[in-house]
Amino acid sequence: MSKMLEETRQQPEALSRTLEEASDALQKLRHRFQRHRPKLVILVARGTSDNAAQFGRYLIEITTQIPVSMAAPSVVTLYHSELDLTDALMVGISQSGESTDTNAVLEDARSRGAVTLGITNEPSSAMARICEYALFARAEKEESVAATKTYACQLMAFYLLACALGGKVDPEALRRLPDQVDRALRLEDSIAQLAAEYAAMTRAVTVGRGLNYANALEFGLKLMETCYVVAERFSAADLMHGPIAMVERAFPVFVFAPAGVTWPSISYVLDRVRELRAQTLVITDSTNAEAAARGSRIIQLPDAVEEIYTPIPYIVPAQLFAAHLAAIKGLDADRPRTLQKVTLTM
Ligand code: F6R
């Protein structure tokens with residue numbers, strides 16, 4: 001069995017630990033932000049961590065009304081622009097805490113007076129040293145090159161950060177997430193069977209909207225790095241602005257479809273791709289009966305989850321799907337060709 005699969009299955013404990021062990025850090029951050037509320041949050045990350053950052057961007061803007069921007073590291077590392085970071089909070093997200101350009105941007109931001117926070121799995125990493133504050137993903141060692149449990153824990157860390165910034169996040173709902181993930185993991189056998197039907201897949205699109213756009217990015221990344229599937233990743237809105245033209249009969253389309261504010265946009269996409277006779281796999285839960293009727297195939301999580309808390313349980317079927325598809329294709333999900341666990345870029 002791949003480490004990727006093992007680590008995917010460890011997520012309920014990893015999420016509980018991340019939640020339980022954050023209280024001191026959370027209190028410190030809360031005090032700091034009560035004294036001085038940032039006017040802008042900037043997120044800097046690469047790869048899977050950057051996908052988690054996309055979630056953080058939506059979550060913080062929705063729950064705190066503080067604008068969030070995604071850093072472009074080359075602006076600092078190659079163009080050496082001296083950004084005005086007055087009243088900014090710069091947040092780095094990195095599983096290893098060793099991504100070079102992410103850390104260079106944090107170091108520069110700290111020297112310019114920004115408050116810096118590292119969200120990392122490694123307390124002894126360079127990122128934890130560089131930043132004034134840290135929130136730890138308590139996923140324990142992640143050995144597979146393909147990140148799984150660290151992604152889920154980074155999303156959890158963003159809920160905690162949103163709380164610290166005064167955002168409306170329900171701690172009870174966070175405490176329910178590990179059990180919801182556990183129940184999602186119980187779908188593994190049926191997901192493995194589904195994955196077998198995609199053994200010949202070489203291209204696909206993944207689609208999400210709002211808070212689940214990050215999951216579309218992350219599912220696509222998992223399909224690319226572990227299964228070598230060319231996966232283009234879109235918000236439901238952007239898909240309609242051109243890329244829909246490549247969708248044709250039997251084209252694989254993977255869609256995250258929770259109930260709630262994003263559903264009208266997602267259901268519009270599902271109707272269009274059905275007209276085109278695409279092969280649609282819909283990930284949804286028991287609250288969205290309409291979604292269940294819309295896809296050619298469906299993965300339905302058993303829990304009724306409010307949209308704002310869907311991204312963590314919803315990524316689980318995607319991780320399981322990618323890990324099983326890699327095994328079916330005879331690929332080593334833990335050691336994709338060309339990749340190392342830590343990628344150094346500037
Ligand atoms: C994907 C993956 C990579 C890393 C990226 C950043 O599964 O593992 O995309 O997420 O290289 O690494 P960290 O998070 O260590 O900064």
Side-chain angles (χ1 to χ4, degrees), residues 2-19 21-22 25 43-57 59 70-71 73 90-107 116-131 133-161 177 181 214-215 217-226 311-312 315-316 318-319 322-323 326 332-336 338-346:
S2 64
K3 285 273 174 213
M4 181 187 177
L5 208 44
E6 256 176 59
E7 290 168 354
T8 297
R9 291 178 189 162
Q10 291 164 4
Q11 292 181 113
E13 302 77 40
L15 287 163
S16 296
R17 269 196 308 273
T18 301
L19 197 52
E21 294 175 25
L43 307 178
V44 58
R46 291 287 182 197
T48 287
S49 302
D50 196 34
N51 298 338
Q54 282 289 353
F55 163 78
R57 170 197 195 174
L59 184 77
M70 311 296 282
M90 178 74 77
V91 184
I93 308 96
S94 172
Q95 168 273 128
S96 61
E98 302 297 345
S99 273
T100 32
D101 47 1
T102 302
N103 284 344
V105 170
L106 287 164
E107 215 159 10
T116 50
L117 166 68
I119 294 178
T120 176
N121 198 42
E122 296 294 338
S124 57
S125 61
M127 177 177 278
R129 282 195 302 279
I130 289 166
C131 293
Y133 296 94
L135 254 182
F136 294 111
R138 304 288 183 180
E140 292 184 342
K141 190 83 197 142
E142 188 173 64
E143 289 179 55
S144 173
V145 166
T148 53
K149 58 181 180 173
T150 52
Y151 174 74
C153 290
Q154 288 167 346
L155 300 196
M156 181 63 95
F158 271 114
Y159 285 112
L160 299 172
L161 174 58
L177 286 169
V181 165
N215 277 348
L217 296 173
E218 178 57 8
F219 192 9
L221 176 56
K222 293 286 95 95
L223 290 174
M224 288 189 273
E225 70 178 340
T226 66
I312 291 180
I315 197 59
V316 175
Q319 295 164 332
D332 182 353
D334 299 334
R335 272 171 291 279
T338 333
L339 288 175
Q340 308 286 331
K341 184 67 177 159
V342 179
T343 303
L344 304 178
T345 49
M346 273 319 270

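One-based numbering along the sequence shown.
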Problem set entry | side-chain hydrogen bond (donor to acceptor under 3.5 Å, both in side chains) against T345, all qualifying residues, sequence neighbours excluded | D101
Seminar exercise, completed: Smallest heavy-atom separation, A322 atom then K222 atom, equals CB-CB, 3.8 Å
Problem set entry | Side-chain donor or acceptor of K3 paired with backbone N/O of D334 under 3.5 Å | no
Problem set entry | Any donor-acceptor N/O pair, T120 side chain to S94 backbone, under 3.5 Å | yes
For this session: For residues E140 and N121, report the shortest heavy-atom separation together with the two atoms involved.
Result: O-ND2, 3.0 Å
Exercise. Which distance, rounded to the nearest 0.5 Å, do you find between the CD of Q319 and the OG1 of T226?
Worked result: 10.5 Å
Problem set entry | For E107, all residues meeting salt bridge (charged side-chain N to carboxylate O under 4.0 Å, His left out), sequence neighbours excluded | none
For this session: Search all heavy atoms of E98 against all heavy atoms of A126 and return the closest pair with its distance.
Result: OE2-N, 3.2 Å
Exercise. Is it true that a side-chain atom of N103 and a backbone atom of G97 form a donor plus acceptor pair closer than 3.5 Å?
Worked result: yes
Exercise. If only atom types and distance count, is the side chain of E21 paired as donor or acceptor with the main-chain N or O of R138 below 3.5 Å?
Worked result: no
Problem set entry | Test side-chain contact (heavy atoms from CB on, under 4.5 Å) applied to I119 and V91, L155, L43, L160, the passing residue | V91
Exercise. Shortest non-hydrogen contact from P73 to V105?
Worked result: CA-CG2, 3.7 Å
Exercise. Looking only at atom types and distance, does a side-chain atom of R129 sit under 3.5 Å from a main-chain N or O of S124, one as donor and one as acceptor?
Worked result: yes
Seminar exercise, completed: Residue set satisfying ring pair (Phe, Tyr, Trp, His ring centres under 6.0 Å) with F55, at least two apart, ordered chain then number -> Y159
Problem set entry | Set of side-chain hydrogen bond (donor to acceptor under 3.5 Å, both in side chains) partners for Q95, sequence neighbours left out | none
For this session: Please identify each residue that fulfils side-chain hydrogen bond (donor to acceptor under 3.5 Å, both in side chains) with E142, with sequence neighbours left out.
Result: T150, K341
Exercise. Using 4.0 Å as the upper bound for N to carboxylate O, is an ion pair formed by E13 and R17?
Worked result: no
For this session: Kindly say whether M90 contributes a backbone atom to a donor-acceptor pair with the side chain of T116 at under 3.5 angstrom?
Result: no
Exercise. Listed by chain and number, what are the side-chain hydrogen bond (donor to acceptor under 3.5 Å, both in side chains) partners of T148, not counting sequence neighbours?
Worked result: none
